[in-house]
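Following: one structure in structure tokens, then a few remarks.
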Amino acid sequence: QVQLVESGGGLVQAGGSLRVSCAASGRTFSGYTMGWFRQAPGKEREFVAAITWTGGSTYYADSVKGRFTISRDNAKNTMYLQMNSLKPEDTAVYYCAADRSLVAVKSGREIDYWGQGTQVTVSS
């Protein structure tokens, strides 16, 4: 059974940092692009960041560019999102996703695998 499991969410003050992780199990994700999405209460799920299989290319939403860093360790089948200079508007449930298509990961459509999400709350 394929699973993506997020961890590392929590409560942090504005200006602080947090790192969330996504551990993949059940299969190898060789060749898969992976990404992070988030969904705030009352809002649609939105793209946050994506990283290709080799890690050679990364993509970010404008709202997090310069503050968030996506990375992955393929030997550990794990992806990370380092979040710095957090703002209250970053509060959301953060989901990881995996798909062979970069277009799919960036759009959030027809994604092969989704995690269950981890809550990140930034207090002002």
Side-chain angles (χ1 to χ4, degrees):
Q1 183 180 359
V2 175
Q3 274 193 315
L4 296 177
V5 179
E6 301 93 337
S7 62
L11 174 64
V12 64
Q13 287 189 332
S17 297
L18 205 60
R19 189 178 79 160
V20 290
S21 303
C22 172
S25 63
R27 65 155 294 148
T28 176
F29 281 84
S30 173
Y32 275 72
T33 292
M34 297 187 74
W36 290 97
F37 290 76
R38 66 186 182 186
Q39 187 167 20
K43 294 188 177 181
E44 292 188 354
R45 186 155 52 188
E46 65 174 0
F47 169 78
V48 174
I51 185 167
T52 54
W53 159 244
T54 63
S57 295
T58 57
Y59 306 84
Y60 296 94
D62 288 343
S63 59
V64 306
K65 206 171 290 184
R67 299 188 298 122
F68 290 11
T69 302
I70 189 171
S71 62
R72 65 192 293 172
D73 184 340
N74 290 332
K76 296 182 179 179
N77 249 8
T78 302
M79 175 180 63
Y80 306 96
L81 185 68
Q82 177 67 42
M83 302 182 288
N84 298 329
S85 302
L86 281 160
K87 305 174 182 179
E89 50 263 45
D90 294 318
T91 294
V93 177
Y94 283 71
Y95 298 90
C96 64
D99 196 278
R100 289 191 176 276
S101 166
L102 173 60
V103 172
V105 172
K106 292 177 73 178
S107 70
R109 297 192 184 99
E110 300 181 355
I111 295 287
D112 284 345
Y113 304 106
W114 286 101
Q116 292 301 305
T118 185
Q119 176 70 47
V120 172
T121 302
V122 184
S123 63
S124 56

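Index from 1, following the sequence.
Y113 and F29 have perpendicular rings, their planes meeting at more than 60° on a 0 to 90° scale where under 30° would count as parallel. The aromatic rings of Y94 and F68 lie tilted to each other, with the angle between the two planes from 30° to 60°.
Put simply, the side chain of S63 reaches to within 4.5 Å of the side chain of R38, judged on heavy atoms. Between R45 and W114, the closest side-chain pair of non-hydrogen atoms falls below 4.5 Å.
The two residues G31 and W53 have their closest heavy-atom pair at N-CD2, 3.3 Å. Considering all non-hydrogen atoms of both residues, E6 and Y95 come closest at OE2-CA, 3.3 Å. Annotation for G35 and M79: closest pair O-CE, 3.3 Å, computed over non-hydrogen atoms. The two residues A98 and Y32 make their nearest non-hydrogen contact at C-CD2, 3.9 Å. Across every non-hydrogen atom of R100 and S30, the tightest pair is NH1-O, 3.6 Å. Residues V64 and V48 come closest through the heavy atom pair CG2-O, 3.6 Å.
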Please tabulate, for side-chain N and O atoms in residues 117-124, each donor-acceptor pair with protein atoms closer than 3.5 Å (sequence neighbours left out).
from: T118; atom 1: OG1; to: G9; atom 2: N; distance (Å): 3.2
from: Q119; atom 1: NE2; to: A92; atom 2: O; distance (Å): 3.4
from: Q119; atom 1: NE2; to: T121; atom 2: OG1; distance (Å): 3.3

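To the nearest 0.5 Å, the span separating OG1 on T78 from CE on M34 amounts to 8.0 Å. The structure places CG of D99 at 13.5 Å from NZ of K106, a figure rounded to the nearest 0.5 Å. Summarising the geometry, atom CD1 belonging to I70 is positioned 7.5 Å from atom OG1 belonging to T58; distances are rounded to the nearest 0.5 Å. In this structure, OG1 in T33 is found 9.0 Å from CD1 in I51, a value given to the nearest 0.5 Å. Atom-to-atom distance recorded for L86:CG and Q13:CD is 11.5 Å, nearest 0.5 angstrom. With values rounded to the nearest 0.5 angstrom, F47 atom CZ is found 9.5 Å from Y60 atom OH.
Legend: disulfide (SG to SG under 2.5 Å) pairs involving residues 64-95, not counting sequence neighbours: none detected. Contacts classified as disulfide (SG to SG under 2.5 Å) and involving residues 19-98 (residues at least two apart or in different chains) are given here: C22-C96.
K87 and D90 are not joined by a salt bridge, as no carboxylate oxygen comes within less than 4.0 angstrom of a charged side-chain nitrogen.
Not counting sequence neighbours, D112 has no partner by the side chain to side chain donor-acceptor pair (under 3.5 Å) test. Scanning for side chain to side chain donor-acceptor pair (under 3.5 Å) contacts around S71 gives an empty result, with sequence neighbours left out. Evaluation of the ring-ring contact (aromatic ring centres under 6.0 Å, His included) rule for Y59 yields no partner, not counting sequence neighbours.
In Q116, the CD atom is not crowded: 12 or fewer heavy atoms of neighbouring residues, nucleotides or ligands sit closer than 6.0 Å. Shown here is K43, whose NZ atom has no more than 12 heavy atoms of other residues, nucleotides or ligands within 6.0 Å.
A donor-acceptor pair under 3.5 Å is absent between the side-chain atoms of S57 and the main chain of T52, judged by distance alone.
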